[in-house]
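Please read the structure below before turning to the comments.
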Amino acid sequence: MISTIPALLGGGTLTSLSTNTRLDDNLYLAIRMALIGLLAAAVRQLFSSTKSRLYDAIFPTAHITYSDPAFEWIMSYLAQSPEAQRQIKSFRLITADARQSKRDDADRLRTSTKKSEGLSVARKDATFVDDVVGQISPVNEQAIFINHNGTYLWITRKSKGYANYDPIDKEEHLEITGLSVQPESIKQFIIDAHAMFFKKADNELLIFNVSPYTGNWIDPIHRPSRSWSSVILSESDKAPLLKDVKNFLSEEEKDWYGARGIPHRRGYLLHGRPGSGKTTLATAIASQLGLDIYIVNPAARGMDDGKLNKAFRNCPPQNMILIEDIDCVMPPRPKREDSEDDDEDDAFGDKDVGAADPGKYGLARSTVTLSGLLIAIDGVSSQEDCILFATTNHPDRLDSALSRPGRFDVQLSFKDATFDQAKALFKHFFPLSDFSNAPKSENTIDDEKVAEDEGVIRSEEELDELAHRFAQGIFHPTPPERDAEDDKVEVEVEFGLSMAALQGFLLTHKKTLRSAACKAQEWSNGLRKEHEDRERKKLAKRAEREKSKELKVNGSATPENEKAKEESKG
């Protein structure tokens, strides 16, 4: 065998060449070793290529970069897999989002006791009673084996060599390896991981926000859904709106729009007094229909027309896009000197909206234009099969091109709270079931004392009486006492209270419903007096401005000025 190697390598030829050219033995040996090295390299390359192809054929692999959203899906899946968690011995600990954890994942490091003694990881002001401390994730180069619905997968977290493209590239990524006999296992696993990541509980709402840096939708936050009964509006107002949204999102309606070549879009504009329940109604509709809410703030720092258009375009179908205070998107028009709305709330305050801004946290002021907003809402590339809700406190500030039908087909006005709404809100805050479970004693006098002191109610009629008393105190207050100076200036103002104001008052009497009913009139009188005082100041300021104008006009008609004019004519 060995004797045949010289023949294979051309030993006779080399010998003849060496003899004829009188090469020394060292050169002859070098040539032979070079040929052997080339042969070995070729064999090694062939073996490596064959091994790589054979490995890829048997073990297909998916590569997912750290910046891709699927990376978080897979890590969340591993977090909830007991099989994967048993294999994690060395791990990464992340506590940045521990206090705002939204899931009961298995990879959440929790306290093993009911007390905080001996706990070294977490802040001192955190709650340690069966609470989250940190999140565990696998380290690099650690392969996690999982059996997913009968298919076998290996998941490895790596920091270099992404997709065998650049061995020097140190971008963190995941490699998901499966078996060729199960060709759809990796794809199905990614689909299931996506579904698990965005899975909602029965009474849960997903809320997404736009990243001001990229215009992408960031990971959602989970919030309890809003019950329909918590929206204190008349059924004649809220029921048709819910029916209209539900009908629009149906497949039948979608086919109808498509058959007629009409873009499947619909906008709802909720306008009225601040705190009247506009956002609450939109949230309740999303909760009722199981929709996710995608919140867009065009006026946020870092936003521009491109990011706004990208956010609208990438919103998944069958969801709700919400723009709060859409009137604040554009800078307010400059006020005239004789404007009477000196004390009117302004979203921009006294700031100079045109002043140069170097940017905060690397983000400059929003450069979103009205044209960019209109294109994002119903441009050629805008998303369809979504509903758009917008709220505003000042509908008169909206450009007619923005509020016209076709962009906002349904508009609902919210006014101050009414007498019936106040009663309904009182009953919603103090349901009979929460205040009728006090133990009864044999002494009737003691029962009455408990009822008066602890807010216990015995019947629905008594609750109705307290609710009526509360609403009566709010909307039929006694005339407040005025000072002598106040009597000099009579003002007639339209005074009203929003639902948010009533809710704020009731929150200070969560356990004392009788006290809330008794003090409602006093509270309402105080707010009314403050409102009248503000109106007096505005009237006084307006009168002073009118007086200064008259002085300027009359200043040119003084006797001295008239005499000077006559002399100049002479």
(request) Answer yes when D378 and R407 have at least one side-chain N-carboxylate O distance shorter than 4.0 Å, and no when they do not. (result) yes
(request) Let me know which of F312, F208, F389 forms a ring pair (Phe, Tyr, Trp, His ring centres under 6.0 Å) with Y294. (result) F208
(message) Classify the ring geometry of F189 against H148: parallel below 30°, tilted from 30° to 60°, perpendicular beyond 60°.
(response) perpendicular
(message) Between T369 and D305, do the side chains contain a donor N or O and an acceptor N or O under 3.5 Å apart?
(response) yes
(request) Compare all side-chain heavy atoms of L242 with those of Q288 and state whether any distance is below 4.5 angstrom. (result) yes
(message) Any non-hydrogen side-chain atom of L205 less than 4.5 Å from a side-chain atom of I293?
(response) yes
(message) Could you tell me if the side chain of H173 sits less than 4.5 Å from the side chain of E175, heavy atoms only?
(response) yes
(message) Could you check whether any side-chain N or O of S287 sits under 3.5 Å from a backbone N or O of R226, counting only pairs where one atom can act as donor and the other as acceptor?
(response) yes
(request) Check the pair R157 / E172 against salt bridge (charged side-chain N to carboxylate O under 4.0 Å, His left out), numbers first and verdict last. (result) CA-CA 7 Å; R157 188 173 188 169; E172 191 171 2; 2.5 Å; yes
(message) Pairing donors with acceptors under 3.5 angstrom, does anything connect the side chains of T151 and N149?
(response) no
(request) Taking the side chain as every heavy atom from C-beta outward, state whether L206 and H222 have any atom pair closer than 4.5 Å. (result) yes
(message) Do F197 and D192 have side chains that approach each other closer than 4.5 Å (heavy atoms only, starting at C-beta)?
(response) no
(message) Less than 4.5 Å apart, side chain to side chain, heavy atoms only: is that true for N209 and N297?
(response) no
(message) Side chains of Q318 and D385 only: does a donor on one sit below 3.5 Å from an acceptor on the other?
(response) yes
(request) Compare all side-chain heavy atoms of L233 with those of Q421 and state whether any distance is below 4.5 angstrom. (result) yes
(request) Measure the shortest side-chain to side-chain distance between S230 and H428 over non-hydrogen atoms and say whether it is less than 4.5 angstrom. (result) yes
(message) Is it true that N393 and H271 share a donor-acceptor pair across their side chains at a distance under 3.5 Å?
(response) no
(message) For a quick check under 3.5 Å, do S234 and S236 share a side-chain donor-acceptor pair by atom type?
(response) yes
(request) Mind running ring pair (Phe, Tyr, Trp, His ring centres under 6.0 Å) on H509 and F430 for me, showing each step along the way? (result) CA-CA 10 Å; H509 300 80; F430 308 109; 8.5 Å; no
(message) As a quick check of understanding, evaluate salt bridge (charged side-chain N to carboxylate O under 4.0 Å, His left out) for K238 and E235, giving each step before the final call.
(response) CA-CA 5 Å; K238 63 181 185 179; E235 285 296 326; 3.5 Å; yes
